[in-house]
Amino acid sequence: MKSNAAEQEFNKAYEQFADAIFRHCVFRVSDREKAKDLAQGAFVRLWDYMSQGKEIDNMRAFLYRIANNLIIDEYRKKKTDSLDRMRDEEGFDIGFETMKDIETKDEHAQALAMLDCLPDKYREALVMRHIDGLSVKDIAHLMHESENVISVRIHRAIEKLQKMRNTIK
Amino acid sequence: MEQIIKQLKNVAKDTRLSAVEKAAIKTQLLRYVQAHPVRAEAFSSHFIPSPFNINNFRNKKTLSAFVIGGLLLGSTVSFAAENTVPGDVLYPVKIHINEQVLAVIAVTPQAKADWDVRKAERRLEEVEKLADEPTVTPEVKAAAEANFNASTNQVQEHIANFESDDDSEDAIATAEKFAEMLRKHEGNLDKRDMTRAASMIRSTSTSEASYSQATTTKEEVSSVSSFVGEKEESFDKVLKSVRGARGNAEKKQKELEQKYHKEDVQIEASVTVPVSVQSEVSRGNSYNAVNDKHGRSEEFRATPIDAAPSAQVDEQKTQPEND
């Protein structure tokens, strides 16, 4: 009976948050198939946790945290050598070829391509705030950073996107 | 800036799993759920959370609040109980908690004996306090005195135990401390007795004067005198019992000192020393027997190093005779 209750809770969480987690993953990795795998992986981990009988206070925050960890793992897998550079602001520089790609793409692909050019710490803050609609406080809690740091990251991310957009025009 | 955010939001609105994709993922997840069912033992403990489970965050808060509250309450009660006397509500706390804790701290036999001396002092302080209280019933006073006597007996038992174990130092030290404590309290009681006597004389003269002026009735005078008489009686009783205990303690102390002094002398005598030194020892003993408490300094006086200067003194004494 208790097992059924846990399954019901898990199903409810899937129906409620599957799209949001998938969207978050898409905007973080810019790859739909990979995002599907990551979203599925996040729910698998959720079930692993729930099946141990552990309680979850905030399901949404918990799922975002799992997804974020999985995305970081994914980055590490593919870009082990360039992850540090990517997290470093100095590494932010759009090459001529990338710019040309962005110009030719449609609105959806263009947005993803622009996000792809952002350093990851700015990208994750921006996606969580304006795509997922999380509050700065929640993001700060998830990222283990202060609210001020998160606000600055979001602001700088938008500035950089604006700069890119102006360059494209 | 707003345009970019708007663009991102528009794109985000359209980004979602298709019904087919969502169903496919759900099917896979359900398979996974069936393959990895809930652990029965995990749920047995978590779905009916124990109220004592410290891992529950709310419980942690409640528990810490209880612990802090308990500590505060406990320390306040314990502190308040320290000044209580028999008949008070918190007196059992003083006897059964505060003193038990203090007794546990005393580990060595000497520390235990010291604690019992202190306990006897505490009982005596209670008796003294009650002797001054006009509203206390004789039963309570009797109980307090019985407590004092019991604690006195405990101290005497300790001394007897030290004696039976041939622990002369501890036996004498305990007897000395006990006698000293009783002497101190007796002195205090004597002072109070004198002050009380002086005030009694004053009050008697005042009441007599007022009686002669016919402002007080006979009954009032008799009630006052009976109350004063009761108080005086109980105070005298306390003073008497303290004197008795002090006398016994001093007697015991002297007995012990004499006993161990004799034993030491016997041991000294059994030790073989040179004849010249023995004569010095016999001379030294006459001094030591008077001045030294336990007669132990003979050991040092009996050494040849000390004997040499004394021989020189003898020579100096004999010199004028030769001249």
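In what follows, chains are A, B, ... by sequence order, proteins preceding strands, each numbered from 1.
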With a 3.5 Å distance limit and no angle check, can you tell me whether B/N98 reaches the backbone of B/S78 through a side-chain donor-acceptor pair?
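Yes: the side chain of B/N98 pairs with the backbone of B/S78.
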
- Message: I'd like to know if the side chain of B/R183 reaches the main chain of B/R246, judged simply by a donor and an acceptor atom lying under 3.5 Å from each other, with no hydrogens or angles considered.
- Response: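 Such a contact is absent between B/R183 side chain and B/R246 backbone.
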
**Asked** Do the non-hydrogen side-chain atoms of B/V77 and B/I97 ever get within less than 4.5 Å of each other?
**Response**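 In short, these two side chains do not touch, never coming nearer than 4.5 Å.
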
Item to complete: Indicate yes or no: at least one non-hydrogen side-chain atom of B/T152 is less than 4.5 angstrom from one of B/L124.
Response: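 No, their side chains stay 4.5 Å or more apart.
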
Query - Inter-chain contacts: residues 80-90 of chain B against chain A, heavy atoms under 4.5 Å - result: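 Result: none.
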
Kindly assign one of parallel, tilted or perpendicular to the pair A/Y14 and A/F43, based on the angle between their ring planes and the thresholds 30° and 60°.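 Judged by the thresholds at 30° and 60°, the geometry between A/Y14 and A/F43 is perpendicular.
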
Select, from B/K13, B/K22, B/H36, B/K9, the one with the greatest count of heavy-atom pairs under 4.5 Å involving chain A.
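With the most close heavy-atom pairs to chain A, the winner is B/K22.
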
Self-check item: Heavy-atom pair with the smallest gap, counting every atom of B/A12 and A/R23
Solution: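 Smallest interatomic distance, heavy atoms only, reads O-NE, 3.0 Å.
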
Any luck finding a side-chain donor-acceptor pair between A/E159 and A/H155 under 3.5 Å?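 Side-chain D/A pair, A/E159 to A/H155: present.
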
With a 4.5 angstrom heavy-atom cut-off, is it the side chain or the backbone of [X] that approaches chain B, or both, or neither?
| X | value |
| --- | --- |
| A/L115 | side chain |
| A/R129 | neither |
| A/F22 | side chain |
| A/D132 | neither |
| A/V44 | both |

Should the pair B/E126-B/R123 be classified as a salt bridge under the 4.0 Å nitrogen-to-oxygen rule?
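Salt bridge between B/E126 and B/R123, a charged N being under 4.0 Å from a carboxylate O: yes.
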
message: Between B/E121 and B/K177, does any side-chain N to carboxylate O distance fall below 4.0 Å?
response: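 Salt bridge absent between B/E121 and B/K177.
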
